[in-house]
Amino acid sequence: MKKDIKINDLIVKSGEKISRIITVPGTTYELPITVINGVEDGKVFLATAGVHGCEYPGIQALVELAQEIEPEEVYGAIIFIQAVNSPALYGRRAYICPADEENKNYNHISPGNKNGTTAERVSAFIFDEIVPQCDFHVDMHSGDIVEDLEEFIAVCATEDDAMRDFCIEVAKHTCFTHRIISHGRRELYNSSAIDRGVPGLLFERGGQGILNWDEVERDKDDIISICQSLEILGGEPYDNSDGQIFYPRHYWDEAHHTGLFYKFVETGDEVKKGQKLGEIRDIFGNLLEEITAVYDGRIKISNNTMGVSKGDDTFMYGNTRESD
Ligand SMILES: [Zn+2]
């Protein structure tokens with residue numbers, strides 16, 4: 001007999017779809033969730049969105065998919081968390097969780113701490129109660145309000161070669177043209193792979209606080225295609241095995257000064273090692289720092305704000321060569 005999906009006091013039986021808010025134990029934090037438990041056996045798929053609350057296309061994609069997919073179509077089960085960080089969504093805040101006592105960023109604290117701050121408890125709830133039930137996890141992001149982004153899919157650089165190769169194969173069933181390897185550790189999808197042994201991917205599509213409906217459709221298509229590749233949904237997955245450009249490494253540049261940020265390249269530009277990408281000046285116009293490329297690459301994310309604080313990200317660019 002096919003098993004129930006149990007998440008705290010939520011029990012979803014075979015053939016049921018339930019959407020509701022769960023109050024995370026030990027907090028007053030409200031987590032929206034939809035569980036679609038299929039009639040037939042199969043894998044369990046998890047998609048999360050809104051870890052950063054103003055990254056809209058992924059949130060909207062899950063709002064729609066949760067309404068559209070019915071249990072009769074599902075082999076196994078599908079779990080959607082439409083907005084992990086709903087306080088930031090409704091509070092219009094970039095990066096951080098405003099309900100957290102220390103304004104923590106969910107992508108810096110996975111897999112959480114059930115005795116920690118509010119966001120750490122929410123993270124622990126996801127990683128202790130939900131992720132272990134799942135076979136695959138996709139975390140859906142965009143550039144945040146201040147970020148101009150060229151879309152890409154990211155694969156965790158786990159030490160488990162078989163898992164990494166499997167994630168790459170699944171990533172090829174999406175329409176993303178650009179694929180990067182991430183050496184991150186505390187993001188949700190990296191933590192799923194490293195801490196819980198659940199393979200995962202990260203979508204980066206959209207940005208600047210824009211709800212772009214073409215991006216929503218591509219996010220939906222890619223989630224469906226991944227579920228098809230995992231045989232959770234019927235139909236043929238998209239095949240992009242020849243179409244993805246691979247970046248084995250990428251570089252985040254951080255501002256070393258607080259000041260005025262000027263950029264000389266745009267997202268999507270190809271840049272050369274040593275090329276001047278931008279500069280930071282003080283309020284009187286004096287040069288504080290020049291930002292130059294550490295290797296040949298392609299600008300994937302660039303900051304859009306005039307003012308920056310020391311430590312803020314300015315550019316992220318991918319490098320298509322192993323060495324230069
Ligand atoms: Zn994000």
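In this chain, numbering begins with 1 at the start of the sequence shown. Below, each value reflects all heavy atoms present in this structure, side chains not excepted, and no hydrogens, waters or symmetry copies. Both counts, for ligands and for their atoms, begin at 1 and track the order of listing.
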Listed as residue and atom, the protein N/O/S atoms under 2.8 Å from the Zn ion (ligand 1) are His52 ND1, Glu55 OE1, Glu55 OE2, His141 ND1
Using the benzene-type ring in the case of Trp, are the ring centres of Phe203 and Phe176 under 6.0 Å apart?
-> yes
For Glu231, does the CD atom sit with more than 12 other heavy atoms under 6.0 Å from it, leaving out its own atoms?
-> no
Side chains of residues 82-92: which donor-acceptor partners sit under 3.5 Å, not counting sequence neighbours?
{"from": "Gln82", "atom 1": "NE2", "to": "Thr34", "atom 2": "OG1", "distance (Å)": "2.9"}
{"from": "Asn85", "atom 1": "OD1", "to": "Ala88", "atom 2": "N", "distance (Å)": "3.2"}
{"from": "Asn85", "atom 1": "ND2", "to": "Val51", "atom 2": "O", "distance (Å)": "3.1"}
{"from": "Asn85", "atom 1": "ND2", "to": "Ile96", "atom 2": "O", "distance (Å)": "3.1"}
{"from": "Ser86", "atom 1": "OG", "to": "Glu30", "atom 2": "O", "distance (Å)": "3.4"}

Tell me yes or no: between the side chains of Lys3 and Asn37, is some donor less than 3.5 Å from an acceptor?
-> no
Measure the acute angle between the ring planes of Tyr317 and Tyr295, then classify it against the limits of 30° and 60° as parallel, tilted or perpendicular.
-> perpendicular
Can you hop from Ile33 to Leu46 via hydrophobic side chains spaced under 4.5 Å?
-> yes
